[in-house]
Structure formats: C-alpha cells, structure tokens
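Before any comments, here is the structure.
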Amino acid sequence: MSNLAKLTSIDRRWIFLLIGLGTLIPVLLPIGFPVRVTAPVKQIYDKIETLGPNDVVVLSYDYGPTTGAENDPMTDAILRHCFSHDVKVIALALYPLGGLTSLTASIDRITAEFPDLEYGVDYVNLGYKDGGQATMKLLAEDFSGAFPNDTHGTPLSNLPLMQQVKGARNAQFAISVATGIFGEWWANLINAQYGLPIAVGCTAVSAPKYYAYLEAGQMLGLIGGLKGASEYEQLVKDNYPNTREAYANPMLQTASKGMDVQTIDHLIIIAFIVIGNLAYFADRRAKRA
Amino acid sequence: MEYFDSSRLNALVLLVLFCVFVLAFIQRARSGGNLFIRRIAGLNAIEEAVGRATELGKKVLYVPGIMSIDENQTIASLAVLSHVAGLTARYGAELDVPNKDPLTFASARETVKEAYLHAGRPDLYSDTMVHYVTYDQFAYTAAVSGTMVREKPAANFLIGSFYAESLLLAETGQASGAIQIAGTAEVAQLPFFVCACDYTLIGEELYAAGAYLSREPAMLGSIKGQDWTKAAVALVIVLGAIFESIHIFPGLKSWIGIN
Amino acid sequence: MFLKVRLPILLTFFAGLIPIVAFFFKDGTPYVKTLSSSLEQDMVIVSGFALLLGVVNVVQGNVRKIERREKGWFYAIVLLAGMAFMGLFGAAGAMRLFGLPGIGMMADGRPTPFQWGSLYLFTPLQATMFALLAFYIASAAFRAFRIRNVEATILLVAAVFVMLGRIPIGEPLFGPITEWMMQVPNGAAQRGIIIGAALGAASLSLRVILGIERSYLGLDKSE
C-alpha cells in the first residue's frame, strides 16, 4: 500500500490536532476577514428599523451556555440594535439554562452600555419558565399566565411595560435565539396560530432546517450560526456609531472574530476531504493492481 | 357557529380527510385485508444487532432521544424499545437504557419491564437497566459517550428526538466499533446519523417503526391511511403550484385560454 | 385493569382531543378554550414534579454504586456532591433561606454560590461538550465525503460549496450559490421530509388517542 493510500485510515487524532490549532491560533492572532450581509439577516434588521418607540420586541433566550459562542453574539447584537433604535424589549427564556446564565448575563452586559434605559419601562427580564410548548402557548395569550413575576420577583402588574402588552401576540415582533427545536415551536405555534411575525437565530447545524420555514413565510428572517451573527453585528456597527466602542473592546469575543476561526477550520476540513479522496483513489488503484 | 374559527377550515378539512383515510384502512386491515408495507432495512437489522451483542457477550445500548413523552418521536422510540427489549430478553443480552427526560424514563422503564414479562423472562429484568442520568442535554451526552467508550456496547440504538448531541453520540459509537441503528425526524440531524451510523430511519420511517415491527393490522392500517393522505397533500401541492404559476405568469393564462 | 389500562387510555383520549377541538374555536369560546388552557398549565406542573422522579433515581443508583464499590464509584461521590451543592444552593438560594443572597449576582457584583457554580464550573463544561462537535464534524466529513458514486459526489460538492460560501474568502463566489442551495434544493428536500414526518406524527398521534398504540404506557396490545 502506498503512503497516500494509508491516509484512508489516518488516526482521527491528527484531524483533531489540526482543528484544535486552527481554532486556537486565530483566537490568539485575529485576522479580521470582511463580512458580507445576506438577505435572511438583513430582513430581521429591517423589520426592527420599521418599529417605533412604543413598539415591543419579544426576545426569547432559548439556548444555554453550551451554544453561547454562536448564540450570545446574536442576542447581544439584537439588544444593542433595539436599545439604540429606542424599541422596547421583553426578554425571557424557555431553555432550562437560558434564564440565569444567558438571559440575565446578556441583559446585564448590554444594559450597562445604555445607562439611560429604565427597567420596567424600556425592557423587562421575565426569567426562565419550564414547560416548553405549553408555556409558549400560555405566554402568547397572557404573559402573566406563564410568568406571574419577573426574574426579580416583581409582579408583572407593577411593571409599566407589561401593561402595554398582555401577551406575546400583542407585541410587534418576536425573535427566538434558539438551540434545538425551540425556533420551530415559535414558527408553528406563535406565527401559525397568532400571526405574530417571528424570526429565529439558530446554530449553524440547525440552519438548513429553518430555510424551509423561511421560504414558506412562517419566519421573517434567519440568523444562521456564527456567520449570521457576524452579519448582524456588522449591520449594527455600520448604522449605530454608539455601538462601535463596545465592539472595539479587544476582550469582547464577537462573532466577527469567530469568523476567523470558522474560515481556517472550514479550509482544514476541505483539505482533509481532498486528501481523503486522493487516498481513497490511490487505495482503490493499489487494490486493483 | 359563532365560535368556530373559519380561518382554520382548511385544517379541519385535512384533519377529517386524514381521519377518514386512517380509520377506513384500520377497518380494512382488521377485516383481513392484505396491506403491503415496504421493507425498512434499519428495522430488519435490529435482530442482527441484538444477536451480535449476544454472541460477543456485550451490552445493547438504547438511547430514546432527549425529549419528553409529549414528543411523538419519543413515543415512536418507545415502541421500538419494546421490540428491542423483547429481543434482549429472548436472547439473554444485557440492555442499558439511559434517560434524559424523567417522564420518558418512567415510560421506558414500564415498557422494558412489560417486554421482559411478555417474553417470559421477568427474571432477567432489573430496574437498573433503565436509569435516569440528568436533565441537561450535554451532561447526558457526556454520560452516554462515557458508557460507549468504557463499556463498548456491541449495538447502539439512537432512536428518537435528537439535537446537537446526535453527532457526538454517533461518532463516539462509531469509534467504539458498535453496530449503530439510528432514527429521527429531526431533519437537521439526519445527515450526521447517515454519516456515522450503519442504518438510519428517516422521518416517517421512525413513526412507522412501531407498526412495522408489531405487524398488528390496526397499526399497519394507520400507516396506509397516512400514505393516502400524503398522496392527497402531494396532489394539492402540485395543483397549487400549477394555479400559482398561472397566476404569476400572465402569458400562461392566454396560452391556455383563460382571461 | 381499570386503573392500569382503561383509565390511562381514557385520559389520553381526552387530553389529546381537547386541544385539537380548541384549535378550531375562536378565543373567548367558553369551556373549550379554558379547558385546553388549563391542560397546558397542568403539563407545566407535571413536568416540574416529574424531575423529582429522576433525582430520586440518580441518588438511588449512585448510592448503590458507592455501597457496592462498583467500578468508578469515586465518580459517583463527585456526582452526588455536585448535585447536593447546586441543588441546595439553587433551591435554598431561590427561596432566600439560611440568609442566602439568591441565585443571581449580588448587589456588590459578586456571584452567589449558585451563580458561581453556574458561571465557573457548569458553563465551561457545557461549552466544552458542544465545542467537541467541531472535531467530530471534521472526522466524520473526512470519512464520509468520498467520490464513491454519483450521489456521494453530489453530497461532497454541495458540502464543499456550502463550507466555502460560509466563510469570507469564499463568499464572493460561493455565497450566492450557497444561499440558492440552502433555499431551493435544501428547502425542497427539508419540506418533503417535514411533510412526511408531520403526517407520520399525526398518524401516531391518532393511534395514541384511539388507544391503538400503547407501548409508551408499558402495555401490550392484548391488554
């Protein structure tokens, strides 16, 4: 067997090593590739641009720290956009670990950049509620059915913003930043049954599935994986100069920086696919001979 | 009638049509009608996988997905689990069913216990076969992957509702050398299972699995009814595409003589 | 017989039928909508309590492992200790018992014990597990994408186009192709599978509601 043919049975740990290096090096030495915005992401941005100061966006943190690297930049960029554009936000979590680690951490992080915001008037953090689809149907009708109090224990009746909208169906737009099936539930339950425009931010792995919903008009837009998140970041940075300072922070791990890693890793995988095929043909030729 | 939501009339029509097809075929099957169901390779391979585990003296690992019992894929998976547990009981192979959801765990335990009882081997059943691990998706994945690496089951069944953990489990199982049969209706996870498993039940094959394995006429009848509804839906889609095309392209209207 | 077989099947029948009927009625319809809504609330409560069942099983299983000194029994101690730490500080913290300051951040910006465990133990472990996907996708792609036949070649070419279209250096050329591939061929295939699976799920639901499919109750068809 030739050396090339032997590569068909290469120890997978070599692949792991190269992927590890391809991830580590761009994190330490950022490259800064340019980002081009695609239509599914732009549609979400444009929808928020059409909203006014009294309009409300429901932002659901349907993910946990597991997929935070992909999902956190999405929620951060959406919050920066909403707050910069003076749109009100009701944030909640339907994923078990989304409440404390993702939702509260994200709200605390972003609201610190907007000192003029008033809690209960400009935004509300409802926290996490178990129950999946059942909870989603409840909150579509009436937030207080699913969340009697906000995450700080304040009854919703004491929060001015919650007097403005009874249920999610009364909001102007809902975005689910999701892992797993949550985005589909928003499309199937909230959009299909109540007609509320919805959009989904999902991990790259789930993105192909959501294109069917996007094309069918059940979703207004889609932020697919780190690439989509970097596009949204780019739109916010380009159009709201007040956000540029936050994105310029070298310690902030943004989706745009993550695209360096994705670029190198994709190229490594493609290289391995090419090598794998050359080895496969060499092996076949050797066997025939 | 004032309370009826007329905007959902189309859904009601489809629901009635669907129920009529399913119930008619169930009736036909019960009255002895012959119903052909195509061969599903993944389900035919179950016995071979359990047999291999028995010969090697290794365990059979059954993962019923990560969702609760309100998810149809989980119910479909439990129907397959019932069959697999029946086989492990007959062959005397060791079965391990780790669970992520507590309600699925309770149902899976009853399913396995019943299967061992039905196979006439309640002596082989133990409560430790079906156990609870954790409610967290990736802690569960770590635990199941650990079992695959340490105990090297001869057969892995990954059947039910899976998300980001699908490839982690399937690749670990592939590396451990187990024969793997997977099944899910989660379209985003199907490519991962197809790449890393020996057999994959795709979408509706999973839902049909219980009926296919049990060969019970009423169950098979419902599959046939479902197929007829699918044909009706396909016909409506084709007609819709034709009408929409005529509407979009005015040239088509004049070509076929419509004003 | 009634409690084990007929009652669960009757409950399933009504619990399955009520939301379907409610779907076709307008908001504010008396009885139907209220009943459906209260069923949804019950589901939230039941799923919360069901978690206790799992916790009991985990404790039982791991205590047994430690008692019998089974292989890896030490890890069972780590698991129980972790569960006790997060469980106690989580439950007692949320209810602010024993002077605990809650489960989020404290007023001075320091994390509560539960938050500390979440941020500095749990979150990195979680992210590590998900990050493994990148490595496994690479090894699976290396093994699976071979030019064996026409179908495998199409799969390979599509994969390479999408990977190039999703990175800045390949985007100018492959970006529009990728978007088209995702929206048209991928969208068509996904819809086909989704429609088939949805009908399969509906068929299974009907079998469950009518009591034909009962394996999830641990019942045999003859019962």
Side-chain angles (χ1 to χ4, degrees), chain B residues 3-5 8 11-12 15 18-19 22 26 68-70 72-73 75-76 78-79 82 99 102-103 105-107 110-111 113-114 118 128 131-136 138 141-142 164 167-168 171 185 187 190 192 195-196 202-204 206-208 210 214 216 218-219 222-223 225-226 229-230 233, chain C residues 20 23-30 32 43 46-47 50-58 61 64 71-72 122 125-126 128-130 132-133 136-137 139-141 143-144 155 189-190 193-208 210 212-213 215-221:
Chain B
Y3 292 118
F4 180 71
D5 188 346
R8 289 174 177 175
L12 183 63
L15 179 73
F18 179 69
C19 290
V22 169
I26 288 176
S68 192
I69 200 75
D70 62 343
N72 275 324
Q73 294 178 68
I75 296 176
L78 291 179
S82 174
N99 286 275
L103 288 173
F105 156 65
S107 294
E110 286 303 308
T111 302
K113 196 190 272 183
E114 179 65 31
H118 191 68
T128 54
H131 56 99
Y132 187 74
V133 180
T134 169
Y135 196 55
D136 182 74
F138 285 95
T141 309
L167 185 65
L168 296 176
E171 265 294 282
V187 280
L190 282 169
F192 296 139
C195 276
I202 296 172
E204 58 196 296
L206 166 63
Y207 295 118
S214 75
E216 200 194 335
M219 304 258 263
S222 72
I223 305 291
Q226 169 195 328
T229 313
K230 195 161 64 178
V233 169
Chain C
I20 296 174
F23 177 78
F24 295 104
F25 285 87
K26 287 178 185 160
D27 293 337
T29 307
V32 186
M43 179 67 196
V46 169
S47 65
L51 201 54
L52 283 176
L53 189 71
V55 172
V56 169
N57 186 259
V58 168
R64 192 185 304 125
K71 197 178 166 192
F122 197 65
L125 287 170
Q126 288 273 309
T128 305
M129 279 306 294
F130 188 67
L132 285 178
L133 259 184
Y136 283 4
I137 282 176
S139 66
R143 212 180 45 247
L155 195 71
Q190 301 271 352
I193 297 174
I194 289 172
I195 291 172
L199 287 171
S203 165
L204 179 70
S205 301
L206 201 60
R207 293 203 295 269
V208 169
L210 296 177
I212 297 168
E213 170 68 66
S215 55
Y216 70 100
L217 289 170
L219 297 176
D220 186 57
K221 54 184 179 283

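From a predicted model like this one, the values you see are computed outputs, not experimental measurements. Each chain gets a letter, A, B and so on, in the order the sequences are listed, and its residues count up from 1.
Note that the OG atom of S203(C) and the CG atom of N72(B) stand 9.5 Å from one another [nearest 0.5 Å]. The distance from the CG atom of L204(C) to the CD1 atom of I75(B) is 5.5 Å, given to the nearest 0.5 Å. Here the CZ-CG distance, from F138(B) to L133(C), works out to 6.5 Å after rounding to the nearest 0.5 Å. In this structure, the separation between CD on Q190(C) and CG on L190(B) is 8.5 Å, given to the nearest 0.5 Å. Atom CG of N57(C) and atom CZ of F105(B) lie 3.5 Å apart (nearest 0.5 Å).
By the 4.5 Å heavy-atom criterion applied to side chains, T141(B) and F130(C) are not counted as neighbours. In this structure, the side chains of F192(B) and I137(C) come closer than 4.5 Å at one or more pairs of heavy atoms. Between L132(C) and E171(B) the shortest side-chain heavy-atom distance does not fall below 4.5 Å.
A11(B) pairs by the side-chain contact (heavy atoms from CB on, under 4.5 Å) definition with F23(C), F24(C), not counting sequence neighbours. With sequence neighbours excluded, the residues that form a salt bridge (Lys or Arg N to Asp or Glu O under 4.0 Å) with R8(B) are D5(B).
Per-residue heavy-atom pair counts under 4.5 Å with chain B were compared for A197(C), A189(C), G72(C), S139(C), and the maximum is reached by A197(C). By number of non-hydrogen pairs under 4.5 angstrom with chain B, the leading residue of A198(C), A141(C), G196(C) is G196(C).
Only the side chain of V208(C) comes within contact range of chain B, with heavy atoms under 4.5 Å apart. Neither the backbone nor the side chain of L125(C) comes within contact range of chain B; no heavy atom of the residue lies under 4.5 Å from a heavy atom of that chain. In this structure, chain B has heavy atoms under 4.5 Å from both the backbone and the side chain of A202(C).
The shortest non-hydrogen separation linking L168(B) to M129(C) is CD1-O, 3.5 Å. Closest of all the heavy-atom pairs between P102(B) and A50(C) is CB-O, 3.0 Å.
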